[in-house]
Amino acid sequence: MDKLETTYLGLKLKNPIVAASSGLTSSVEKIVELEKAGIGAIVLKSIFEEQINGEVTSMLSKDTQNSGYPEAEDYIKGYLRDNTIKKHIELIESAKKAVNIPVIASVNCVSPDEWTSFSKDFQDAGADALELNIFYIPTDRHEKPGVVEQLYIDVLRKVKSQVSIPVAVKFGIYHSNILGMAEKLKANGASGIVMFNRFYEPDINVDTLEITSSEVFSSPSDIRRSLRWVGMVSSAVSNLDIAASTGIHDVNAVLKQLLAGAQVAQLCSTLYLNGVNVVPEMLTGISDFMKKWNFKKIDDFRGRLSYKNIPDPMLYERSQFMKYFSNR
Ligand SMILES: Cc1cc2nc3c(=O)[nH]c(=O)nc-3n(C[C@H](O)[C@H](O)[C@H](O)COP(=O)(O)O)c2cc1C
């Protein structure tokens with residue numbers, strides 16, 4: 001066994017570096033390039049529920065002849081849906097033919113409705129696993145937090161009832177009880193979780209008085225968003241693989257997440273900003289680190305600094321800068 005080998009969602013990976021879902025995993029050429037660079041697995045660009053709904057609305061608003069006819073909306077929606085799904089199935093099939101690493105399909109969902117029914121088609125097309133990219137923004141102030149959490153569980157259960165391949169749930173940091181959320185996802189069939197997705201966030205341009213988009217890419221300091229939760233969830237919930245995501249830009253960030261208990265590290269922004277060569281650099285960096293500490297396999301150090309494995313777990317719980325500010 002090669003010393004960097006690992007498993008993720010029950011799949012065999014030659015190393016713990018995974019290309020996160022993004023435009024960089026949306027074509028076979030890019031996926032082949034990532035495999036050549038040494039990536040352990042790839043998550044395909046998500047197929048988006050919101051995008052199809054948005055395209056239908058925009059097509060109908062341009063189509064004055066048919067606007068106002070509910071049948072027209074259903075027809076266009078059905079056409080767009082089928083076309084988008086067909087293209088995605090083709091991508092899965094050709095990616096599977098072109099590379100030898102695991103290919104994980106990604107589905108963006110905001111509801112457990114019929115939208116998830118094509119998950120089975122993705123399995124049949126050869127996807128090794130599914131990643132559900134779920135994000136729901138509560139805009140109703142009367143909605144109870146438990147209802148929001150339940151939506152994630154409902155989507156997962158619906159998909160799990162249709163596929164036999166492993167399913168991971170990718171969610172954002174904004175949950176009231178992340179440990180509880182992870183436990184519930186596992187209890188409802190998730191093989192893994194991706195912590196965390198990084199979403200589009202609005203910004204304000206004070207010169208033009210317009211709403212704009214904030215920075216698309218993460219920065220290395222964003223690793224702090226997930227490190228605490230990787231360390232805590234990996235200790236609290238057993239048999240649930242954690243893919244760390246957000247702010248992993250260099251080998252030290254990968255090592256930190258593995259030491260906190262992550263199974264794999266997902267890369268996105270650094271691939272956009274620095275190119276695929278970051279992958280071989282990281283792999284060499286992990287090997288050098290293992291040599292230095294005489295670790296023979298990743299499991300020799302995975303989780304070594306997780307919540308349950310450190311003498312003072314309070315270090316993960318501390319939330320205030322008390323000491324820092326009392327000295328300033
Ligand atoms: C341009 C771009 C496109 C993305 N597209 C998707 C997507 O289709 N599905 C998804 O689940 N995440 C998507 N993401 C989120 C990334 O997969 C990743 O979770 C996030 O960027 C945090 O990782 P990073 O700090 O390494 O960028 C995208 C991110 C970027 C920057």
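In this text the structure is predicted, and so the values were computed from the model without any measurement. Both counts, for ligands and for their atoms, begin at 1 and track the order of listing. Numbering of residues begins at 1 and proceeds along the displayed sequence.
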Report summary line: Gly247 heavy atoms within 4.0 Å reach ligand 1 at atoms 24 (P), 25 (O)

Query raised in the report: What about Asn133: any of its N or O atoms under 3.5 Å from an N or O on ligand 1?
Result: yes

Requested in this report: Show which atoms of ligand 1 fall inside a sub-4.0 Å distance from at least one heavy-atom site of Ala20.
Outcome: 17 (O)

Query raised in the report: Any salt bridge between Lys97 and Glu93, counting N to O under 4.0 Å?
Result: no

Query raised in the report: Is there any N or O on Ile248 that sits under 3.5 Å from an N or O of ligand 1?
Result: no

Query raised in the report: Are Lys158 and Asp154 within salt-bridge range, i.e. N to O under 4.0 Å?
Result: no

Report summary line: For Lys170, the atoms of ligand 1 under 4.0 Å from one of its heavy atoms are 10 (C), 11 (O), 12 (N), 15 (C), 16 (C), 17 (O), 18 (C), 19 (O)

Report summary line: So the atoms of ligand 1 within less than 4.0 Å of a heavy atom of Tyr272 turn out to be 1 (C)

Report task. Go through ligand 1 atom by atom and flag the ones less than 4.0 Å from a non-hydrogen atom of Asn197. Result -> 11 (O), 12 (N), 15 (C), 19 (O)

Requested in this report: Name the closest protein heavy atom to atom 5 (N) of ligand 1, giving the residue it belongs to and the distance to 0.1 Å.
Outcome: Lys45 NZ, 3.0 Å

Report task. Please confirm whether Ser218 comes within less than 3.5 Å of ligand 1 when only nitrogen or oxygen atoms on both sides are compared. Result -> yes

Query raised in the report: Which protein heavy atom lies closest to atom 26 (O) of ligand 1, and at what distance to 0.1 Å?
Result: Cys268 N, 3.0 Å

Query raised in the report: Could you walk me through whether Asn188 and Arg157 pass the side-chain hydrogen bond (donor to acceptor under 3.5 Å, both in side chains) check?
Result: CA-CA 6 Å; Asn188 284 280; Arg157 286 175 69 95; 2.7 Å; yes

Requested in this report: Verify the distance criterion only: is there a donor paired with an acceptor across the side chains of Tyr136 and Glu149 at less than 3.5 Å?
Outcome: no

Report task. Could you check Lys12, Lys297, Arg302, Lys14 and say which one makes a side chain to side chain donor-acceptor pair (under 3.5 Å) with Thr6? Result -> Arg302

Query raised in the report: Are side-chain N/O atoms of Ser218 and His249 paired as donor and acceptor at under 3.5 Å?
Result: yes

**Report entry** Which residue and heavy atom of the protein sit nearest atom 22 (C) of ligand 1, plus the separation
**Finding:** Thr246 OG1, 3.4 Å

Report task. For Ser269, counting its heavy atoms only, list the atoms of ligand 1 lying under 4.0 Å from any of them. Result -> 24 (P), 25 (O), 26 (O), 27 (O)

Query raised in the report: Any nitrogen or oxygen of Ser22, main chain or side chain, under 3.5 Å from a nitrogen or oxygen of ligand 1?
Result: no

Query raised in the report: Can you tell me the protein heavy atom closest to atom 9 (N) of ligand 1 and the distance?
Result: Ser46 OG, 2.6 Å

Query - Mutual orientation of the aromatic rings belonging to Phe295 and Phe289 [parallel < 30°, tilted 30-60°, perpendicular > 60°] - result: tilted

Query raised in the report: Between Gln257 and Gln263, is any side-chain donor less than 3.5 angstrom from a side-chain acceptor?
Result: no

**Report entry** Atom CD of Glu183 with >12 non-hydrogen neighbours under 6.0 angstrom
**Finding:** yes

**Report entry** ligand 1 N/O within reach of Thr270 N/O, cut-off under 3.5 Å
**Finding:** no

Requested in this report: Please state whether Val216 comes within less than 4.0 angstrom of ligand 1, counting heavy atoms only.
Outcome: yes

Query raised in the report: Is Phe199 near ligand 1, meaning one of its heavy atoms is under 4.0 Å from it?
Result: no

Requested in this report: Could you tell me whether the side chains of Lys292 and Asn294 share a donor-acceptor contact shorter than 3.5 Å?
Outcome: no

Query raised in the report: What atoms in ligand 1 come closer than 4.0 Å to a heavy atom of Ser245?
Result: 18 (C), 19 (O), 22 (C), 23 (O)

Query raised in the report: Could you go step by step and tell me if Thr208 and Glu210 meet the side-chain hydrogen bond (donor to acceptor under 3.5 Å, both in side chains) rule?
Result: CA-CA 5 Å; Thr208 60; Glu210 283 173 321; 3.0 Å; yes

Query raised in the report: Which ligand 1 atoms, with their elements, are less than 4.0 angstrom from a heavy-atom of Arg198?
Result: 20 (C), 22 (C)

Requested in this report: Indicate whether any N or O donor in one side chain lies under 3.5 Å from an N or O acceptor in the other, for Thr246 and Ser226.
Outcome: no

Query raised in the report: Short N/O distance, under 3.5 Å, between His249 and ligand 1?
Result: no

Report task. Could you check atom 13 (C) of ligand 1 against the protein and tell me its nearest heavy-atom contact, residue, atom and distance included? Result -> Ser21 O, 3.0 Å

Query - Phe199 and Phe135 aromatic ring geometry - parallel, tilted or perpendicular at 30°/60° bounds - result: parallel

